[in-house]
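Each remark here refers to the structure printed beneath this line.
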Amino acid sequence: MQTELSPAKKKILLVDDEDDILEFLSYHFRKNGYDVITGMDGMSALTSAYATLPDVIVSDIRMPLMDGIALCKNLKSDDLLKNIPLLFLTADDGEYVALLAHECGADFYLNKPVRIEVILRVVNSLVNREIIH
């Protein structure tokens, strides 16, 4: 009897220093078939990225210990982690912050508040390496 292997779940690393944001995002990504890993700052996220090699990372920018920009720079400068897509999901909406996000190598940038459907669509596109319009 032949058994069919189910495709591996995609792993997402969610990084935010606010518990309620992490809980909200975790719920919706689990509901949509993702294995969820969380971190509350850039330093713990970097450690988790090495340990789990997620398929995508969604990160806030303003966080303690290591902010999202420093996290992104560390990820993109490491051969093991540089190809993991990174989406910034942040309340910072200034042009300067958007420029920093682009310069550090982030793949996409969304401002809070944003509908969960939009976040899911962007993340699914990043995981599937689709061009986002």
Side-chain angles (χ1 to χ4, degrees):
M1 182 159 118
Q2 186 176 1
T3 60
E4 188 175 320
L5 295 175
S6 61
K9 282 186 173 184
K10 297 293 184 180
K11 291 180 283 189
I12 186 167
L13 173 56
L14 303 173
V15 191
D16 200 298
D17 60 335
E18 295 183 41
D19 281 330
D20 57 337
I21 303 270
L22 284 179
E23 286 178 30
F24 175 79
L25 292 173
S26 294
Y27 168 79
H28 285 285
F29 279 104
R30 282 190 182 105
K31 185 177 160 186
N32 282 275
Y34 284 85
D35 278 336
V36 176
I37 304 119
T38 60
M40 303 232 11
D41 59 71
M43 192 67 74
S44 67
L46 191 59
T47 301
S48 292
Y50 279 111
T52 64
L53 298 176
D55 296 289
V56 64
I57 298 170
V58 176
S59 178
D60 192 8
I61 289 180
R62 292 185 191 262
M63 298 179 292
L65 301 180
M66 178 190 290
D67 68 15
I69 300 296
L71 170 63
C72 186
K73 287 178 181 177
N74 277 281
L75 292 167
K76 298 303 180 180
S77 68
D78 187 288
D79 286 341
L80 182 64
L81 306 174
K82 69 181 178 186
N83 293 319
I84 299 171
L86 185 135
L87 160 65
F88 277 128
L89 180 60
T90 183
D92 291 326
D93 63 356
E95 290 177 5
Y96 179 70
V97 175
L99 180 63
L100 286 176
H102 174 73
E103 287 178 348
C104 76
D107 296 274
F108 211 83
Y109 176 95
L110 290 172
N111 290 104
K112 295 176 193 172
V114 62
R115 293 175 44 155
I116 189 64
E117 296 84 5
V118 173
I119 300 167
L120 288 166
R121 181 171 180 218
V122 170
V123 167
N124 288 332
S125 294
L126 289 171
V127 166
N128 295 315
R129 308 284 188 207
E130 299 169 350
I131 296 173
I132 304 169
H133 298 284

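Bear in mind that the values here come from a model prediction, so they are computed numbers and not experimental data.
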Closest heavy-atom pair and its distance - [X], [Y]:
X: Pro64; Y: Asp41; value: O-CB, 3.1 Å
X: Ser44; Y: Gly39; value: OG-CA, 3.7 Å
X: Met63; Y: Gly42; value: CE-N, 3.8 Å
X: Leu89; Y: Lys112; value: O-CE, 3.3 Å
X: Ala45; Y: Leu71; value: CB-CD2, 3.9 Å
X: Arg62; Y: Asp17; value: O-OD1, 3.6 Å

Query raised in the report: Excluding sequence neighbours, so at least two apart, what forms side chain to side chain donor-acceptor pair (under 3.5 Å) with Tyr50?
Result: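 Applying side chain to side chain donor-acceptor pair (under 3.5 Å) to Tyr50 gives Asp78.
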Query raised in the report: Is the shortest distance from a Lys or Arg side-chain nitrogen in Lys76 or Asp107 to a carboxylate oxygen in the other one below 4.0 Å?
Result: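 Yes, charged N to carboxylate O under 4.0 Å.
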Linking I/L/V/M/F/W/Y whenever their side-chain heavy atoms sit closer than 4.5 Å, directly or via other members, would [X] and [Y] fall into one cluster?
X: Ile21; Y: Ile37; value: no
X: Leu110; Y: Tyr34; value: yes
X: Leu22; Y: Ile57; value: no
X: Leu80; Y: Val15; value: yes
X: Val114; Y: Leu86; value: no

**Report entry** Evaluation steps, side chain to side chain contact (heavy atoms under 4.5 Å, CB included), between Leu25 and Ile116
**Finding:** CA-CA 8 Å; Leu25 292 173; Ile116 189 64; 3.9 Å; yes
Does any non-hydrogen side-chain atom of [Y] lie less than 4.5 Å from one of [X]?
X: Ile69; Y: Glu103; value: no
X: Phe29; Y: Ile119; value: yes
X: Tyr109; Y: Leu99; value: no
X: Leu53; Y: Leu81; value: yes
X: Leu14; Y: Asp16; value: no

Requested in this report: Take Val123 and Lys10 through the test side chain to side chain contact (heavy atoms under 4.5 Å, CB included) and record every step on the way to the result.
Outcome: CA-CA 11 Å; Val123 167; Lys10 297 293 184 180; over 6 Å; no
Is it the case that the side chain of [X] and the backbone of [Y] share a donor-acceptor pair, with hydrogens and angles ignored and the cut-off at 3.5 Å?
X: Asn111; Y: Asp92; answer: yes
X: Lys11; Y: Thr52; answer: yes
X: Asp67; Y: Ile61; answer: no

**Report entry** CD/Glu117: more than 12 non-hydrogen atoms of other groups inside 6.0 Å
**Finding:**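 Check passes, neighbour count above 12.
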Report task. Please step through side chain to side chain contact (heavy atoms under 4.5 Å, CB included) for the pair Phe88 and Cys72, ending with a clear verdict. Result -> CA-CA 9 Å; Phe88 277 128; Cys72 186; 3.9 Å; yes
Report task. With side chain to side chain contact (heavy atoms under 4.5 Å, CB included) as the test, would you mind laying out the steps for Leu46 and Leu75 before giving the verdict? Result -> CA-CA 7 Å; Leu46 191 59; Leu75 292 167; 3.9 Å; yes
Report task. Enter the distance from Ser59:OG to Leu13:CG here, rounded to the nearest 0.5 Å. Result ->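 One finds 8.0 Å between OG of Ser59 and CG of Leu13.
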**Report entry** Value rounded to 0.5 Å, distance of CG in Asp55 from CZ in Arg129
**Finding:**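 The CZ atom of Arg129 is 8.5 Å from CG of Asp55, to the nearest 0.5 Å.
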